[in-house]
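Written below as structure tokens is the structure these notes are about.
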Amino acid sequence: MAGYNDSMMSSGSRKPTGMKGKVHDLATTLQTQNEELGIEKGHMQTIKNENASSTSGMQGQLNDIKHHFKADIQRMQEEFRVQLKLQESENCRLQMQLVQVKGEKTSIHQQIIALQRRIEEIEEEIGHE
């Protein structure tokens, strides 16, 4: 009887053979793979969450940069408008000065012509005496 119990004890620790053994092995393998799949799903979810937070962080940085550039462009446009107004007023001032100088030139030219005539008249008077 002791031999029989020993064989029964050892058969409890032995793997079953045949169809039941294969089904048992498949069930064990499937359970192990399901557990590994669950672990990997958890890792994937963690990675997705990290990516989402990283993406939102980058999007925030991009939005900050975008607002900064918009503010810079608006500031430069305003400075350009101010400089344009200054340049236009300077151009008008210079144009008025140019008109004034041309008028003075014309006046001086007319005075020169009048003086030349007067010189000719004086020379004629002196020459006749």
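Since the structure is predicted, the reported quantities are computational estimates derived from the model, not experimental observations.
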Interatomic spacing from [atom1] in [X] to [atom2] in [Y] - rounded to 0.5 Å:
{"X": "K102", "Y": "H109", "atom1": "NZ", "atom2": "NE2", "result": "15.0 Å"}
{"X": "F69", "Y": "Q74", "atom1": "CZ", "atom2": "CD", "result": "14.0 Å"}
{"X": "F80", "Y": "K85", "atom1": "CZ", "atom2": "NZ", "result": "11.5 Å"}
{"X": "Q59", "Y": "D64", "atom1": "CD", "atom2": "CG", "result": "10.5 Å"}
{"X": "I119", "Y": "L115", "atom1": "CD1", "atom2": "CG", "result": "6.5 Å"}
{"X": "K105", "Y": "I112", "atom1": "NZ", "atom2": "CD1", "result": "10.0 Å"}

Are the charged groups of E120 and R117 less than 4.0 angstrom apart, N to O?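 A salt bridge is absent here (no side-chain N lies under 4.0 Å from a carboxylate O).
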Lys/Arg-Asp/Glu bridge criterion (N-O < 4.0 Å) met for E78, R75: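 No, this pair does not count.
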Walk me through it: do Q100 and E104 pass the test side-chain contact (heavy atoms from CB on, under 4.5 Å)? CA-CA 6 Å; Q100 181 183 357; E104 290 173 1; 3.4 Å; yes
More than 12 heavy atoms from other groups under 6.0 Å of CE on M44: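 Counting other residues, nucleotides and ligands, CE of M44 stays at 12 neighbours or fewer.
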Is any side-chain heavy atom of Q95 closer than 4.5 Å to one of N91?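 A side-chain contact is absent here, since even the closest heavy-atom pair is not under 4.5 Å.
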Check whether any side-chain heavy atom of N34 sits under 4.5 Å from a side-chain heavy atom of Q31, and report yes or no.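 No, too far: nothing below the 4.5 Å cut-off.
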Does S107 reach the main-chain N or O of G103 with its side chain, forming a donor-acceptor pair under 3.5 Å?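 Judged by distance alone, no pair lies under 3.5 Å.
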So Q77 and I73, side-chain contact (heavy atoms from CB on, under 4.5 Å) or not? Walk me through it. CA-CA 6 Å; Q77 285 176 335; I73 288 172; 4.0 Å; yes
